[in-house]
Amino acid sequence: MELEVKTLDGASAGTVALADEIFGLEPRADILQRVVRWQLAKRQAGTHKTLTRTEVNKTGKKMYRQKGTGGARHGNKAAPQFRGGGKAFGPVVRSHAHDLPKKVRALGLKLALSSKAKGANILVLDEAVAAEAKTKFLLAKLAGLGLTNALIVDGAEPQEAFRLAARAIPNVDVLPVQGINVYDILRRETLVLTKAAVSALEERFK
């Protein structure tokens with residue numbers, strides 16, 4: 001697959017060949033859903049917690065006599081049916097993470113890249129370099145490229161000025177190539193890869 005390479009100013013900077021085994025696969029929603037679910041479950045804090053009847057500070061003294069009241073027989077104020085009592089079967093602190101095979105994760109990333117390529121929502125930049133760390137400057141450059149909702153993936157280390165200029169722009173994310181992931185690719189409309197990112201991805205899946 002051949003794609004035109006653009007500069008940040010919108011000029012042409014030649015073409016680049018994208019490997020079909022990475023960018024030319026037929027997208028599969030089931031694999032993408034599994035990987036996104038795995039990512040979101042792993043980031044879930046799992047710190048929700050309620051007090052059980054052994055953890056609330058209530059008296060254990062019998063509230064009233066056993067017989068003759070016409071009511072149920074109760075002994076402990078910490079029981080779940082009483083106001084202020086402990087919660088029965090409430091949430092506890094736990095990890096929501098689950099396992100997903102590495103091959104499925106790698107396939108999911110390829111499928112996410114392929115889905116952007118198939119929908120013509122992928123752009124290759126010569127380099128992501130800003131002359132100064134000014135949001136207004138970068139916003140004008142991205143608007144010239146028609147980018148309002150994009151994930152920009154650079155090489156191993158994005159340029160500091162570019163990263164700082166982009167962080168205040170809504171719906172625009174900048175990641176190093178080692179941080180590329182299925183969820184961030186799918187949540188943004190356009191995927192922008194630098195030539196360095198394309199080379200790194202092809203090296204990674206070689």
Margin query: Tell me whether Leu151 shares a hydrophobic cluster with Leu139, the cluster being built from Ile, Leu, Val, Met, Phe, Trp, Tyr side chains joined at under 4.5 Å.
Written below: no
Notebook entry, point to check: Would you say the side chain of Val182 lies within less than 4.5 Å of the side chain of Leu111, judging by non-hydrogen atoms?
Noted result: no
Check: So how far is it from Ile185 CD1 to Leu175 CG, rounded to the nearest 0.5 Å?
Finding: 9.0 Å
Notebook entry, point to check: For atom NZ of Lys77, is the number of surrounding heavy atoms from other residues, nucleotides or ligands below 6.0 Å larger than 12?
Noted result: no
Note to self: Could you check whether any side-chain heavy atom of Val153 comes within less than 4.5 Å of a side-chain heavy atom of Leu201, counting everything from C-beta outward?
What the structure shows: no
Next item on the list: Please determine if Arg187 and Asp173 form a salt bridge, counting it only when a charged side-chain N lies under 4.0 Å from a carboxylate O.
Entry: yes
Note to self: Hydrophobic clustering (ILVMFWY, side-chain heavy atoms < 4.5 Å, transitive) - are Val172 and Leu193 grouped together?
What the structure shows: no
Check: Got a donor-acceptor contact below 3.5 angstrom from the Trp38 side chain to the His98 backbone?
Finding: yes
Next item on the list: Assess whether side-chain contact (heavy atoms from CB on, under 4.5 Å) is satisfied between Leu51 and Lys87, documenting all intermediate values.
Entry: CA-CA 6 Å; Leu51 298 179; Lys87 179 76 173 173; over 6 Å; no
Next item on the list: Would you check if Leu125 and Leu145 make a side-chain contact, meaning some heavy-atom pair closer than 4.5 Å?
Entry: yes
Next item on the list: Check the surroundings of atom CG in Asn57: do more than 12 heavy atoms from other residues, nucleotides or ligands lie under 6.0 Å from it?
Entry: no
Check: If every non-hydrogen atom of Ser12 is compared with every non-hydrogen atom of Glu4, which pair is closest and at what distance?
Finding: OG-OE2, 2.9 Å
Notebook entry, point to check: How long is the span from the CG atom in Leu107 to the CZ atom in Phe205, to the nearest 0.5 Å?
Noted result: 9.0 Å
Notebook entry, point to check: Hey, does the side chain of Gln39 reach the backbone of Tyr183 with a donor-acceptor pair shorter than 3.5 angstrom?
Noted result: yes
Check: Which heavy-atom pair separates Gln178 from Gly155 by the least distance, and what is that distance?
Finding: OE1-O, 4.2 Å
Next item on the list: Return yes if some donor-acceptor pair links the side-chain N/O of Glu55 with the main-chain N/O of Thr52 below 3.5 Å, else return no.
Entry: yes
Checklist line | Derivation of the side-chain contact (heavy atoms from CB on, under 4.5 Å) call for Thr194 and Gln159 | finding: CA-CA 12 Å; Thr194 63; Gln159 188 209 20; over 6 Å; no
Note to self: Any non-hydrogen side-chain atom of Arg34 less than 4.5 Å from a side-chain atom of Pro101?
What the structure shows: yes
Note to self: I'd like to know if Lys141 pairs up with Asp9 as an ion pair, taking the criterion as any Lys NZ or Arg NE/NH1/NH2 lying under 4.0 Å from an Asp or Glu carboxylate oxygen.
What the structure shows: yes
Margin query: Rounded to the nearest 0.5 Å, what separates atom CZ in Arg83 from atom NZ in Lys58?
Written below: 9.0 Å
Note to self: I need the minimum non-hydrogen distance between Pro27 and Ser115, along with the two atoms involved.
What the structure shows: CG-CA, 3.8 Å
Check: For the hydrophobic clusters of this structure (ILVMFWY residues joined by side-chain heavy atoms under 4.5 Å, transitively), does one cluster hold both Val192 and Ile180?
Finding: no
Next item on the list: Taking the side chain as every heavy atom from C-beta outward, state whether Asp126 and Lys195 have any atom pair closer than 4.5 Å.
Entry: yes
Next item on the list: Give, for atom NZ of Lys67 and atom CZ of Arg73, the distance between the pair rounded to the nearest 0.5 Å.
Entry: 6.5 Å
Notebook entry, point to check: Is there a side-chain contact between Val129 and Leu8, using heavy atoms and a 4.5 Å cut-off?
Noted result: no
Note to self: Restricting to non-hydrogen atoms, name the atom on Arg65 and the atom on Lys62 that form the minimum distance, rounded to 0.1 Å.
What the structure shows: C-CE, 4.2 Å
Notebook entry, point to check: Between Glu26 and Lys118, does at least one N-O distance fall below 4.0 Å, as a salt bridge requires?
Noted result: yes
Next item on the list: Report the C-alpha separation of Leu3 and Phe23 in whole Å, then their side-chain angles, then the decisive distance to 0.1 Å, and conclude whether the side-chain contact (heavy atoms from CB on, under 4.5 Å) test is met.
Entry: CA-CA 11 Å; Leu3 274 186; Phe23 296 91; over 6 Å; no
Checklist line | Thr135 side-chain N/O to Ala165 backbone N/O, donor-acceptor pair under 3.5 Å | finding: yes
Checklist line | Rounded distance (nearest 0.5 Å) linking atom CG of Leu147 with atom CG of Leu142 | finding: 5.5 Å
Notebook entry, point to check: If you measure from NZ on Lys134 to CG on Leu138, what distance do you get to the nearest 0.5 Å?
Noted result: 13.0 Å
Check: Can you tell if the side chain of Glu203 reaches within under 4.5 Å of the side chain of Val177, non-hydrogen atoms only?
Finding: no
Checklist line | Taking every non-hydrogen atom, the tightest pair across Val174 and Ala166 | finding: CG2-CB, 3.6 Å
Margin query: Between Lys116 (side chain only) and Glu189 (backbone N and O only), is there a donor and an acceptor less than 3.5 Å apart?
Written below: yes
Notebook entry, point to check: Out of curiosity, does Val16 fall in the hydrophobic cluster containing Leu123 (side-chain heavy atoms, cut-off under 4.5 Å, transitive links)?
Noted result: no
Next item on the list: Step by step, work out the side-chain contact (heavy atoms from CB on, under 4.5 Å) result for Asp154 and Ile152.
Entry: CA-CA 7 Å; Asp154 202 356; Ile152 302 170; 5.6 Å; no
Notebook entry, point to check: Please, which pairs that meet ring pair (Phe, Tyr, Trp, His ring centres under 6.0 Å) have at least one residue in residues 53-74, sequence neighbours excluded?
Noted result: His74-Phe82
Check: What are the two closest non-hydrogen atoms of Gly24 and Ser114, and how far apart are they?
Finding: N-OG, 3.5 Å
Next item on the list: Decide yes or no for Ile122 and Leu113: does some side-chain heavy atom of the first lie under 4.5 Å from some side-chain heavy atom of the second?
Entry: no
Checklist line | Within 6.0 angstrom of Lys49 NZ, more than 12 heavy atoms from elsewhere | finding: yes
